[in-house]
Engineer: 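Quick one: structure below, then a few questions.
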Number of protein chains: 2
Amino acid sequence: MASDHTRSAILAAAERLYADRGFGDVTLRDIVAEANVNLAAVNYHFGSKDELIAELFVTRSIATNRERLRELKAAEEQGGGRAPIEVILRALVGPTLRGCLGPENQRSTAARFMIRASIESVPPIRRIKNREIDHLRKFAGAMRRSLPDRSDIDIHWGLNFALAMAHHTIRESERLTKLSEGKCDLDDVEDVVARVVSVATMALTSGKAEAKAPSRLAAR
Amino acid sequence: MASDHTRSAILAAAERLYADRGFGDVTLRDIVAEANVNLAAVNYHFGSKDELIAELFVTRSIATNRERLRELKAAEEQGGGRAPIEVILRALVGPTLRGCLGPENQRSTAARFMIRASIESVPPIRRIKNREIDHLRKFAGAMRRSLPDRSDIDIHWGLNFALAMAHHTIRESERLTKLSEGKCDLDDVEDVVARVVSVATMALTSGKAEAKAPSRLAAR
DNA sequence: TTGCATTTAAAACACTTGTATGAAACTATC
DNA sequence: GATAGTTTCATACAAGTGTTTTAAATGCAA
């Protein structure tokens, strides 16, 4: 692999095109034209179109997952094995939201690519997402340690709702902006994170086991 | 249009195949084989493949939207123009969840088709969904009337989060079941509705304007 | 340079896709 | 029962797809 020039040109061109026009109508010929390389180069370097897409997605998502786990681990170590639920939730949804929203990220190729991946759900990407369960289990475990009085059911529903709010906000960010006539500011990512964490925390702490220590809500 | 036999056979076959295998790998030839009709019949009766898909989706979603508005209108009339926020939220997410989850619905073709439509987001369906904004605006209006002290921003975030939880739960129902090892019971639709409504209500009533009348949480 | 593996190149392959065509079969009306 | 309009059918079409092939070029080591 002398220079990797062709290979990385393909990756960059593919990510750009997919980000702009979606997976549906970008062909290998579009990609190689954009990258100024030969058509056969894609199959030579990646084996198939699907493997190219998979590599693009894996690259971006392991970065996010690593950041998630880093934040989670740091929080649990600092709390002696038990992190506050808000911090856990922030570690869960923060990296994803920061990676896709925000004034600069909105225009970054990587961010737009990940939004597309979240919207269109093409087979190679779905396969990778299915392997994400082990990753999520770590968060379920941390949440259980943080809220030992809550049932497993509640924990999983809270996890589900937290991911729901984060992913849906990313995926439908355009519609939310239009619906609210620009009032909901998606460029202020930390505000979005705080809102999601706040609601998810309420979901997890309200009701049954609330008596002992009504956890402080995440900052507005 | 003598009998409509061919036309409805195509619709039924298409919905079944799309529900089972997704939009990605179902061709017109698959559909006409399943329906036992001629290939050209699809273009004759529907004009194009996209229009066939659109008709399938429109049929199902106007039913849901009508039910949503019916519940909303009934609630507002009963309350003299102001319905409790829980009831509004229930009208928003109830019909959708009931249409896609539940022990029988899970296996109904229509439900599985709508889940697919929610996951794959193919162009003709996306076009229709984009026209849904006016519909959602009616709910935003009702929510504003119900919670006059909340800012428009909060209202729209609440609306966004409610839809997020409902749609994500539908879309990722399989993963949630796997992740929770079957503990989260998605067959009990009314429990799911209650959970979503409860969390969304908290999102909309906590903090700033909570003082006056802390709304009763939706039943567990 | 010579030899060898890696990389690029052009072309064609094999196949699937949605759609269009034109004739045949059918249905209902006069 | 002939006719006009509708529906069905077999088939062809045209375009586009990812992938393969075969050969040429390139880079690197001996």
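Every chain is numbered from 1 and lettered A, B, ... according to where its sequence line falls, protein lines coming before strand lines.
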Engineer: Report the distance from atom NE2 of His5(A) to atom C1' of dT7(C), rounded to the nearest whole Å.
Structural biologist: 13 Å

Engineer: Examine distances only and state if a side-chain atom of Arg60(A) and a backbone atom of Met114(A) form a donor-acceptor pair shorter than 3.5 Å.
Structural biologist: no

Engineer: To the nearest 0.5 angstrom, please state how far the CD atom of Glu190(A) sits from the CG atom of Leu101(A).
Structural biologist: 10.5 Å

Engineer: Could you please spell out the steps behind the side chain to side chain donor-acceptor pair (under 3.5 Å) verdict for Arg126(A) and Ser121(A)?
Structural biologist: CA-CA 6 Å; Arg126(A) 219 169 320 161; Ser121(A) 179; 3.0 Å; yes

Engineer: Which residues within residues 38-55 of chain A lie with some heavy atom under 4.0 Å of an atom in DNA chain D?
Structural biologist: Leu39(A), Ala40(A), Asn43(A), Ser48(A), Lys49(A)

Engineer: What verdict does the side chain to side chain contact (heavy atoms under 4.5 Å, CB included) test give for Arg171(B) and His168(A), after you've listed the backbone C-alpha separation in whole Å, the side-chain angles of each residue and the deciding distance to 0.1 Å?
Structural biologist: CA-CA 11 Å; Arg171(B) 166 199 305 254; His168(A) 185 91; over 6 Å; no

Engineer: Is the shortest side-chain N to carboxylate O distance from Asp191(A) to Arg195(A) below 4.0 Å?
Structural biologist: yes

Engineer: Is there a side-chain contact between Phe161(B) and Leu204(B), using heavy atoms and a 4.5 Å cut-off?
Structural biologist: no

Engineer: Counting only side-chain nitrogens and oxygens, does Thr6(A) get under 4.0 Å of the OP1 or OP2 atom of dT7(C)?
Structural biologist: no

Engineer: What are the residues of residues 10-30 of chain A, sorted by number, that bring a heavy atom to within less than 4.0 Å of DNA chain D?
Structural biologist: Thr27(A), Leu28(A), Arg29(A)

Engineer: Relative to each other, are the rings of Phe113(A) and Phe57(A) parallel, tilted or perpendicular (30° and 60° limits)?
Structural biologist: tilted

Engineer: Check whether the side chains of Arg68(B) and Thr96(B) place a donor and an acceptor atom closer than 3.5 Å, and report yes or no.
Structural biologist: yes

